[in-house]
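Below you'll find the structure, written out as structure tokens, and then a few comments.
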Amino acid sequence: MSAPIELLDWPENLPEWPKHLLSERFRRENHGDFPRWVEAINGLPVAPNEASVQLQTDAVSCKLNLNADATRLLHEQLMHLHPWRKGPFQIDDIFIDTEWRSDWKWRRLSKTLGSFKGQRVLDIGCGNGYFGWRMLGAGASEVIGIDPTLLFCMQHQAIQKYFQDPRNWVLPLKVEEIPDSTPFDRVFSMGVLYHRRDPQEHVDKVFNLTAPSGGQGIIETLVVDGPDSLYPDDRYARMRNVWCVPTVNDLCSWMTKAGFSDLHIIDVSTTTLEEQRSTPWMHFESLEHSLDANDPTLTVEGHPRPMRAMVVGHKD
Ligand SMILES: C[S@@+](CC[C@H](N)C(=O)[O-])C[C@H]1O[C@@H](n2cnc3c(N)ncnc32)[C@H](O)[C@@H]1O
């Protein structure tokens, strides 16, 4: 089976972006589960009428008026796209209780950032596009999300089957693959910095992608209390690919060095077991299993437990 044509959509206003990577990545050869995911999306029940979508509630939602059989099928097909990490979503009568209460992060962000009216936004490492929906709900005109994890792109395709909204994109691209030629009013990098080997290079990239004369870059990352940033030798909270967990000071220095001014620390908070946890929609191990059972202030490796900060900077 080949990919349905819907998976190959592309925002036409990004002519210099590597469009060819899209069709290369949305191919069965790239991931053993790809045919199964395509089947799950193709098998989603058809809604009897157009979805009524709500983007301003904690759970991004749509009403479809499905009957009981179709609701059962909806649940089954969406479950084939497990694990669901970012959300929640309410798709008709199905509540996707994701690993993360991403609505909590959104609340922290939006109380400082306020309206997104008319803005074009880039969301680097966007996951399944949950935040893109919330940004549209706050007035953004378009959100381009990029994320190399194919499953998250497929989850977005499943949601889009009902939402049918060409203003929110989740493209299977890495940040280092996109050119700086199209600047955005707001550029978000949330949960990506510590996965990058060269954090300064990443912050520079966020700056380069931010529009001059008033654009904003927003960086959210794991942080540690000072005095020094942490460069884990091996794993951090069971994650293999964490290269650096900075102090807030180091993060701010990198942003200043990149060229951002007027920095504002939006939030610093310790991640709780209520915000990140296993659920029926993400039944693998979660934060609880990454903490030392005898001392929950530490990770299983003995590092400080996850704490996250978000900082906004301005580009003159
Ligand atoms: C911890 S998750 C954060 C998701 C979401 N931004 C949030 O804050 O909840 C990190 C995401 O970054 C993506 N990612 C990893 N390396 C990336 C890269 N080089 N470019 C863009 N995204 C990347 C991962 O696939 C993953 O979905």
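Indexing begins at 1, ligand by ligand and atom by atom, following the structure's order.
Alongside Trp104, the hydrophobic cluster contains no other residue (criterion: ILVMFWY side chains under 4.5 Å).
Salt bridge absent: Glu99 and Arg277 never bring a charged side-chain N and a carboxylate O closer than 4.0 Å.
One distance of note links NZ of Lys86 with SG of Cys126; it measures 11.0 Å at 0.5 Å rounding.
Side-chain N or O atoms of Gln155 include one that pairs as donor or acceptor with a backbone N or O of Leu81 at under 3.5 Å. A donor-acceptor distance shorter than 3.5 angstrom exists from the side chain of Thr272 to the backbone of Glu275, with no hydrogens or angles considered. Thr279 contributes a side-chain N or O that, together with a main-chain N or O of Trp281, makes up a donor-acceptor pair within less than 3.5 Å.
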Are there any protein N or O atoms under 3.5 Å from the N or O atoms of ligand 1? List them with distances, or say none.
unit_1, atom_1, unit_2, atom_2, d
ligand 1, 6 (N), Gly125, O, 2.6
ligand 1, 6 (N), Met190, O, 2.8
ligand 1, 8 (O), Lys105, NZ, 2.5
ligand 1, 8 (O), Met190, O, 3.4
ligand 1, 9 (O), Lys86, NZ, 3.3
ligand 1, 9 (O), Lys105, NZ, 3.4
ligand 1, 19 (N), Glu176, OE1, 3.0
ligand 1, 19 (N), Arg196, NH1, 3.4
ligand 1, 20 (N), Val175, N, 2.9
ligand 1, 25 (O), Asp147, OD1, 2.6
ligand 1, 25 (O), Thr149, OG1, 2.6
ligand 1, 27 (O), Asp147, OD1, 3.3
ligand 1, 27 (O), Asp147, OD2, 2.6

